[in-house]
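Down below is the structure, laid out as structure tokens.
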Amino acid sequence: MTIFRWLGYTLPTTMDKADQLYKMRHTASHVLAQAVLELFPEAKLAIGPPIDDGFYYDFDLPRSLTPEDLEQIEKRMRRIVKEDLPLVRSEKPRDDARTFVDEKAQPYKVELIDDLPEGETISFYTQGSFTDLCRGPHVESTGKIGAFKLDKVAGAYWRGDEKRQQLQRIYGILYPTQGEVDAYYERLEEAKKRDHRVLGKQLGLFMNSPIIGPGLPLWLPKGATIRRVLERYITDLELDSGYQHVYTPVLAKPELYKISGHWEHYRESMFPVMQIDSEEFVLRPMNCPHHIQIYANDQHSYRDLPVRIAELATQYRYEKSGELSGLSRVRAMCLNDAHIFCTPEQVKAEIKKVVEMVQAAYRKLGITDYSYRLSLHDAKNTEKYVSKPGLWERAENQLREVFADLELPYYEAPGEAAFYGPKIDIQLRNVLGKEETVSTIQVDWHLPEQFKLEYIGEDGQVHQPVMIHRGVISTMERMVSYLIELYAGAFPVWLAPVQAIVLPITDRHTDYANTVATQLKAEGFRVEVDSASERVGKKVAAAESMKIPYMLVVGDRDAAAGNVSVRRRGQQDLGAMPTGDFIQLIKNETAQ
RNA sequence: GCCCACGUAGCUCAGUGGUAGAGCACUUCUUUGGUAAAGAAGAGGUCAUGGGUCCGAUUCCCAUCGUGGGCUCCA
């Protein structure tokens with residue numbers, strides 16, 4: 001998996017400890033800690049690992065750091081680098097180690113030592129007057145850490161636990177040479193240009209309004225067009241694959257979620273109860289209970305299974321304000337959702353079909369860079385997960401078998417399951433390198449039991465079906481945000497909000513331009529005419545910046561011959577052709 | 001939600017303790033020009049909102065709202 005794949009760069013996400021870059025970054029974090037300690041002698045040190053692109057160190061400090069502090073710290077670091085202090089490793093018995101850090105008034109280090117397993121070697125690294133608890137390895141001296149720049153300060157919880165002390169984390173960027181550090185910032189600038197929030201504004205795809213609320217995006221006509229095209233595509237694919245599409249309301253009584261378990265395990269992600277007369281309602285955070293009601297509306301024979309109920313379903317989740325981001329993390333989202341009700345014997349085959357549907361959809365969408373994650377439960381976390389030990393193992397093993405059968409590479413992620421069952425998550429990285437779950441397939445033995453779902457088996461007895469929850473192209477919000485970045489706004493013709501724009505050369509060609517547009521619209525294409533009294537050069541520039549796939553320049557020559565002069569986005573003039581030929585060309589392109 | 005930063009015209013951004021500027025976009029006029037931006041004029045801002053300090057605040061302070069980067073969480 002790479003971060004800046006679209007820009008032609010490859011960066012390691014996991015560095016080898018023996019790696020020189022790992023050592024440089026690790027040593028740099030020690031240099032940072034030394035510098036901070038010199039400027040703030042009362043600083044308490046937490047941890048400071050190397051990461052992609054650089055390093056960080058967490059500190060507990062008496063006051064908030066300012067950007068000016070960062071400059072001072074960086075200056076101090078450069079002095080330490082100049083001094084070229086050798087790093088010396090030493091080992092101490094546990095008691096000595098504990099006393100040592102305790103005397104230095106470093107409570108976080110004491111906690112770290114106390115948590116080290118029995119028998120573990122406890123090592124320290126010393127440079128000049130600074131010594132830090134550390135496993136290593138490091139470069140030989142502080143002069144050998146390469147080129148770096150302190151990047152930013154951020155809050156971070158001690159041990160990643162939001163209930164514990166919040167620390168100040170200083171991030172640094174580090175590469176062997178200054179040129180590579182500069183290149184990092186250039187990549188960041190480039191990535192920003194294809195950030196879906198930037199392009200969403202520039203291309204008029206979506207907006208937010210402060211008086212509507214954060215995390216509640218509005219789809220503008222062009223963005224709505226992309227969404228509609230996707231929705232039609234996936235709906236047709238599902239109808240062809242034996243799914244039945246339904247519509248269900250976004251509200252429900254809390255009772256529904258008390259039965260499902262959302263009330264107990266998912267409530268902090270739900271908007272609070274609204275009360276009217278003597279009744280209570282909540283906005284749904286998921287659609288499964290609604291679809292379950294539809295399944296339960298009829299009696300089912302094993303002959304009917306699997307029943308596949310699908311919906312482009314809007315759901316509402318209360319995400320913490322700081323978690324919201326553009327279109328990729330929102331509070332109102334429309335999920336390409338479906339629930340498959342099947343017999344235990346059918347589960348594996350159904351999951352395979354879903355995986356294949358995901359693969360087909362990704363091929364169509366041009367998504368090639370993704371990985372499979374098997375998201376498992378954490379038996380210790382009873383707050384997050386329903387407690388049904390046998391069912392978890394059964395479902396998790398079924399998913400492992402599917403991976404084995406399909407020979408798909410995957411990795412396991414404990415603690416990432418849904419509260420009711422394990423998931424196959426399909427992970428993508430956005431343009432800034434942030435990993436996101438997009439498609440997901442979940443096996444669920446829990447909800448059928450909670451809602452006492454049944455079917456009549458071949459034996460005439462009542463049996464309980466298994467549920468598969470799945471989102472193939474994810475939420476419209478997240479998928480579109482991803483596609484904007486994947487294509488840098490230059491969508492393939494079938495997805496482009498405007499597929500062609502007709503550019504009359506002078507005002508007297510506007511009528512002919514409208515005729516051409518009408519012909520294309522009659523064939524079902526999305527076409528606009530730029531009838532401004534401007535030069536073609538300017539109209540071409542405008543169309544290019546809106547990333548419209550085809551520009552059709554029309555003047556006297558074209559009008560006389562019934563032609564259009566075709567220009568393809570990002571290319572030069574492709575020459576004139578009869579309008580009918582162009583229609584055939586664009587038809588061929590969108591038919592794939 | 002927490003930590004830090006930011007919020008100036010429709011957009012991108014300058015700027016200042018003495019009530020504001022550029023480019024693009026917009027409107028009008030001239031131009032009718034064959035593939036990435038013709039010329040001129042004009043209009044457009046309670047400097048996010050609400051308090052406070054000050055003779056005077058867009059500028060300094062506080063709060064609120066929003067945005068961005070982290071943390072936590074997640075489709």
Side-chain angles (χ1 to χ4, degrees), chain A residues 56 58 61 64-67 69-70 151-171 188 192 195 197-198 201-202 204 208-211 213-214 266 268-269 285-286 315 317-331 333-337 375 384 416 418 423 425-428 432 434-440 442 469 471 473-479 481-482 503-510 533-545 551-558 565-576:
Chain A
Y56 71 76
D58 288 345
L61 296 169
S64 290
L65 292 172
T66 63
D69 289 327
L70 226 52
D151 195 44
K152 62 200 169 199
V153 187
Y157 301 105
W158 169 234
R159 303 215 139 169
D161 185 344
E162 64 180 324
K163 292 182 187 70
R164 303 194 69 175
Q165 179 67 33
Q166 184 157 39
L167 308 168
Q168 296 188 69
R169 175 172 297 177
I170 300 176
Y171 282 95
L188 212 58
K192 232 186 223 165
D195 185 316
R197 292 164 298 189
V198 174
K201 188 178 259 187
Q202 192 183 315
N208 276 95
S209 159
I211 57 167
Y266 206 73
E268 61 182 36
S269 296
M286 292 187 194
Q315 53 193 33
R317 295 184 183 173
Y318 177 75
E319 305 284 357
K320 293 179 189 171
S321 58
E323 294 164 346
L324 302 171
S325 176
L327 222 43
S328 64
R329 193 74 190 276
V330 293
R331 286 175 171 166
M333 68 209 87
C334 179
L335 182 63
N336 161 228
D337 206 1
S375 300
K384 187 171 172 185
E416 296 287 346
K423 315 189 275 176
D425 287 325
I426 292 145
Q427 302 296 108
L428 264 49
L432 293 170
K434 199 172 199 166
E435 190 172 299
E436 287 171 331
T437 300
V438 180
S439 307
T440 173
Q442 307 162 4
H469 308 236
I473 59 167
S474 184
T475 60
M476 296 306 123
E477 287 76 14
R478 185 164 288 182
M479 180 52 79
S481 77
Y482 179 79
L503 310 179
I505 286 173
T506 75
D507 292 347
R508 70 176 180 279
H509 304 116
T510 305
S533 289
E534 287 290 350
R535 289 163 161 72
V536 245
K538 186 162 185 174
K539 295 184 188 184
V540 166
E544 287 282 358
S545 69
M551 285 146 266
L552 308 176
V553 176
V554 294
D556 289 328
R557 299 198 299 260
D558 307 285
S565 292
V566 179
R567 180 187 167 108
R568 169 90 213 198
R569 172 182 63 202
Q571 297 176 20
Q572 297 301 306
D573 188 358
L574 302 181

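Only heavy atoms go into these numbers, but all of them, side chains included; no hydrogens, no water, no symmetry mates. Just so it is clear: chains get the letters A, B, ... in the order the sequence lines come, proteins before strands, and each one is counted from 1.
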Interatomic distance, CG@A/Leu552 vs CG@A/Leu503, rounded to 0.5 Å, equals 7.0 Å
Distance only, no hydrogens: is a donor on one side chain within 3.5 Å (strictly under) of an acceptor on the other, for A/Thr66 and A/Asp69?
yes
Between the base of B/rA75 and the side chain of A/Glu319, is there a donor-acceptor distance below 3.5 Å?
yes
Considering only heavy side-chain atoms of A/Lys384, the closest of B/rA75, B/rU72, B/rC74 is B/rC74
So which nucleotide from B/rC71, B/rU72, B/rA75 ends up closest to the side chain of A/Lys320?
B/rU72
Is the base of B/rA75 touched by the side chain of A/Ser474 through a donor-acceptor pair closer than 3.5 angstrom?
no
Nucleotide N/O of nucleotides 30-34 of chain B paired with protein N/O under 3.5 Å:
unit_1 : atom_1 : unit_2   : atom_2 : d
B/rU32 : O2'    : A/Arg508 : NH1    : 3.3
B/rU32 : O2     : A/Asp507 : N      : 3.0
B/rU32 : N3     : A/Asp507 : OD2    : 3.0
B/rU32 : O4     : A/Asp507 : OD2    : 2.7
B/rG33 : N7     : A/Ile505 : O      : 2.6
B/rG33 : O6     : A/Ile505 : O      : 3.3
B/rG34 : O6     : A/Asp556 : N      : 3.2
B/rG34 : O6     : A/Arg557 : N      : 2.9
B/rG34 : N1     : A/Asp558 : OD2    : 2.5
B/rG34 : N2     : A/Asp558 : OD2    : 3.1
B/rG34 : N2     : A/Ser565 : OG     : 2.5

Tell me whether the side-chain N or O atoms of A/Arg567 pair up with the base of B/rA36 as donor and acceptor below 3.5 Å, since no angle test is needed here.
yes
Residues that A/Arg478 engages under salt bridge (Lys or Arg N to Asp or Glu O under 4.0 Å), provided they are two or more places apart
none
Please check if the side chain of A/Lys152 supplies one atom and the backbone of A/Ile170 the other of a donor-acceptor pair under 3.5 Å.
no
Between protein and nucleotides 58-65 of chain B, what N or O pairs are separated by less than 3.5 Å?
none

For a quick test of reading the model: is some side-chain N or O of A/Lys163 closer than 4.0 Å to OP1 or OP2 of B/rU72?
no
5'-most contact on RNA chain B: A/Met333 or A/Leu324, nearest heavy atom basis?
A/Leu324
For A/Tyr318 and B/rG1, is the shortest distance between a side-chain N/O and OP1 or OP2 below 4.0 Å?
yes
Output the single nucleotide from B/rC4, B/rC74, B/rA38 whose closest atom is nearest the side chain of A/Ser64.
B/rC4
Could you work out the separation of B/rC74 and B/rC62 based on their C1' atoms and round it to a whole Å?
34 Å
Using atom P in both nucleotides, what's the gap between B/rG23 and B/rU59 to the nearest angstrom?
26 Å
Assign a letter to each nucleotide of nucleotides 39-47 of chain B from its 5' end: B, base within under 4.0 Å of a protein heavy atom; S, sugar-phosphate only; -, no contact.
---------
Verify, without hydrogens or angle tests, whether A/Glu477 (side chain) and A/Cys334 (backbone) share a donor-acceptor contact under 3.5 angstrom.
yes
If a protein heavy atom is under 4.0 Å from the base, mark B; if only from the sugar-phosphate, S; if neither, -; do that for nucleotides 6-15 of chain B going 5' to 3'.
-----SS---
Taking atom P in both B/rA20 and B/rC47, compute the distance separating them and give it to the nearest angstrom.
9 Å
Rounding to the closest angstrom, what is the interatomic distance between B/rG15 and B/rG7 at atom P?
11 Å
Considering only heavy side-chain atoms of A/Lys538, the closest of B/rA36, B/rA38, B/rA75 is B/rA38
P spacing across the pair B/rC61 / B/rU53, given as an integer number of angstrom:
15 Å
Measuring only the C1' atom in each nucleotide, how far is B/rG52 from B/rG66? A whole number of Å is fine.
22 Å
Could you state the CD1-P distance from A/Ile211 to B/rU49, rounded to the nearest angstrom?
14 Å
Does A/Arg164 put a side-chain nitrogen or oxygen below 4.0 Å from OP1 or OP2 of B/rC71?
no
One should report the stems of RNA chain B, each a stretch of at least three consecutive Watson-Crick or G-U pairs at distances under 3.5 Å, as B:1-7 with B:65-71, B:10-13 with B:21-24, B:26-30 with B:38-42, B:48-52 with B:60-64
Take atom C1' in B/rA57 and the same atom in B/rA48, then report the distance between them in whole Å.
16 Å
Assess, by modelled atom type and distance only, whether the side chains of A/Ser64 and A/Gln168 contain a donor and an acceptor separated by less than 3.5 Å.
no
Between A/Asp161 and A/Ser439, just flag the one whose closest nucleotide in RNA chain B comes earlier from the 5' side.
A/Asp161
Tell whether A/Arg329 reaches the base of B/rC73 with its side chain through a donor-acceptor pair below 3.5 angstrom.
yes
Kindly point out which of B/rG70, B/rG68, B/rC74 is positioned nearest to the side chain of A/Arg478?
B/rC74
Counting only N and O atoms by type, is there a donor-acceptor contact under 3.5 Å from the side chain of A/Asp425 to the main-chain atoms of A/Gln427?
no
